[in-house]
Visitor: 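Input: one structure, supplied below.
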Amino acid sequence: MAKITFITQDNISVVVEGQSGSLMALAVENGIKGIDGDCGGVCSCATCHVHVQADQMQLAGEASEIEKDMLELDDNVSEFSRLCCQIEISDALDGIVLTVAN
Amino acid sequence: MKHSAINDPFEQARVEQGYAQVSDQDDPVTMLLRLKDVRKCAHNWQTFQSGAVPGRIVVPSEVSIRTTRQIPFEVDPPLHKSFRELLEPWFKRPLQADYQQQLHQQIETLVKSVLLGEPVEVIEDFALVLQSRALTLLLNIPFAESELWISWGTHVFRSEGEALDGDKANILYDYIDAQIDKAMAKPGDDLYSMLLAAEVNGNKLSKEEIKGVMILTFAGGRDTVINAVSNTIAYFSEHPESLQRLRDEPEIRGRAIEEFVRYFSPLTHMGRVVTEDTQVCEHAAKADTRVSLCWASANRDASVFENPNEVVLDRKMNPHVGFGFSHHNCLGATHARQILSTLINVLCENVQSIDFIDGQENIEHWDEFKRKVGYHNLNVKFNPA
């Protein structure tokens, strides 16, 4: 079980717990504002854009080429950007803090 | 070729030069064919404009048959953003449980009505009916109104031929005018009334603006949904193993829907007007000319999609542009996805297999490119589970 913190654009911090599946699905289940996950997690819509804390980038891992191409044209992109549909939940993510980008 | 396959006529041009020039009335179009170029141009609204003369970004151009600006489709940022913010909550209603229940009931009733053993003509008697009935939910108006829309037939802007037909388009425009007047006289909880009560940037919407939103809602979701639904039926008629797999593995249905949208690409392309001399794919694009973003070609780009010409039901990475891309992505995508999701759920529950009888393909002609987009008619038999 991993504890994940989402911070929304209106600066509300929500802590949720997850065991498996993607971070996007977990966020949608918990109604996290700004994470829509329109495409269901196939990396087509970029409506699950988050910023990972700088010191936690190794937990989230690096984006694939396809994900980078999507992020390149999204608003508010930074070097800490990820599409959270592409991050699988595992115990290793326990304590990760994600700021919703939009 | 298999009867449900959708060809990719753009492959050679996409690989060799990345663009193609096609004629359209007196206003030729440079089609962009590669996924990355399509996405970059879609994102760059300053140079590749949607807010041109109404009808010009549509291919074939509707300039000669329409003066009303479709909103937010033919508006660029920053005003575009204000309209999207107004409309998005309404167009996300398909995510609500009661909307989904009603849609399920509509589609289940329709599917059960065709399980009687008689052949069914899918375009007029299934896809058009399904699309029209579902639109009553999106507009939040009485179900009975769908009967009128069904009576219009599949072509609202065209007669039997391919040419645009202004008189036919006027049927829709006059109808929308009358519906706006009706909602002004007696406001309800429908989309017309919501728009009449709304403000954008502190201003009430004009009747012309409301008409622009409504034309987009009717036109943008008609042929596209009909193509998506009928291609899905044709695909299952040829691939009973896929219907069985989706029955056995409901967890992959979401991915299958995205894959159908990629593979079918119900809208081939959409235009933009170039605002300054520039280059696309090392090809000069002059100010006040047109380019088009070819979603159908981009969705078969082998530099991004493995086995692009196969339907891979559980395709995991699928960055398709079947609903467009960036600011102007499809406003009705939530509704469309919900329709496809519900249709697949209902078919899995009620239909064992679908027999293909015959069909006449709807082939679009863009100069040398001939692309199947769906069917003029499609006869099948649904076999109950």
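Throughout, a chain's letter reflects where its sequence line sits, starting with A, and its residues are numbered from 1. All of these numbers come straight from a predicted model, not from anything done at the bench.
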Visitor: Is it true that atom NZ of K68(A) has more than 12 heavy atoms of other residues, nucleotides or ligands lying nearer than 6.0 Å?
Guide: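 Enclosed.
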
Visitor: Here's a test for you: under side chain to side chain contact (heavy atoms under 4.5 Å, CB included), which of K40(B), R39(B), H43(B) qualifies with E72(A)?
Guide: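 With E72(A) as partner, K40(B), R39(B), H43(B) yield a single side chain to side chain contact (heavy atoms under 4.5 Å, CB included), made by K40(B).
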
Visitor: Are there more than 12 heavy atoms of other residues, nucleotides or ligands under 6.0 Å from atom CD of Q46(B)?
Guide: yes

Visitor: Please report the interatomic distance OG(S44(A)) to CD(E259(B)), rounded to the nearest 0.5 Å.
Guide: 11.0 Å

Visitor: Do F323(B) and D38(A) touch side chain to side chain, with heavy atoms closer than 4.5 Å?
Guide: no

Visitor: Using heavy-atom distances under 4.5 Å, tell me whether E65(A) contacts chain B through its side chain, its backbone, both, or neither.
Guide: neither

Visitor: Between M317(B) and Q86(A), which heavy-atom pair has the shortest distance, and what is it?
Guide: SD-OE1, 3.1 Å

Visitor: Is the shortest heavy-atom distance from the side chain of R337(B) to the side chain of C39(A) under 4.5 Å?
Guide: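 Touching, per the 4.5 Å side-chain cut-off.
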
Visitor: Count the heavy-atom pairs under 4.5 Å between each of R262(B), R255(B), K92(B), R315(B) and chain A, then report the option with the highest count.
Guide: K92(B)

Visitor: More than 12 non-hydrogen atoms from neighbouring residues, nucleotides or ligands closer than 6.0 Å to CD on E282(B), yes or no?
Guide: no

Visitor: Can you tell me if E251(B) has over 12 outside heavy atoms packed within less than 6.0 Å of its CD?
Guide: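 Result for CD/E251(B): enclosed.
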
Visitor: Would you find more than 12 non-hydrogen atoms of other residues, nucleotides or ligands less than 6.0 Å from D248(B) atom CG?
Guide: yes

Visitor: Work out which heavy atom in V304(B) is nearest to a heavy atom in I66(A); give both atom names and the distance.
Guide: O-CD1, 3.9 Å

Visitor: I need the residue from C85(A), C45(A), C43(A) with the largest number of non-hydrogen atom pairs under 4.5 Å to chain B.
Guide: C43(A)

Visitor: Look at atom CD of Q58(A) and say whether more than 12 heavy atoms of other residues, nucleotides or ligands are closer to it than 6.0 Å.
Guide: yes

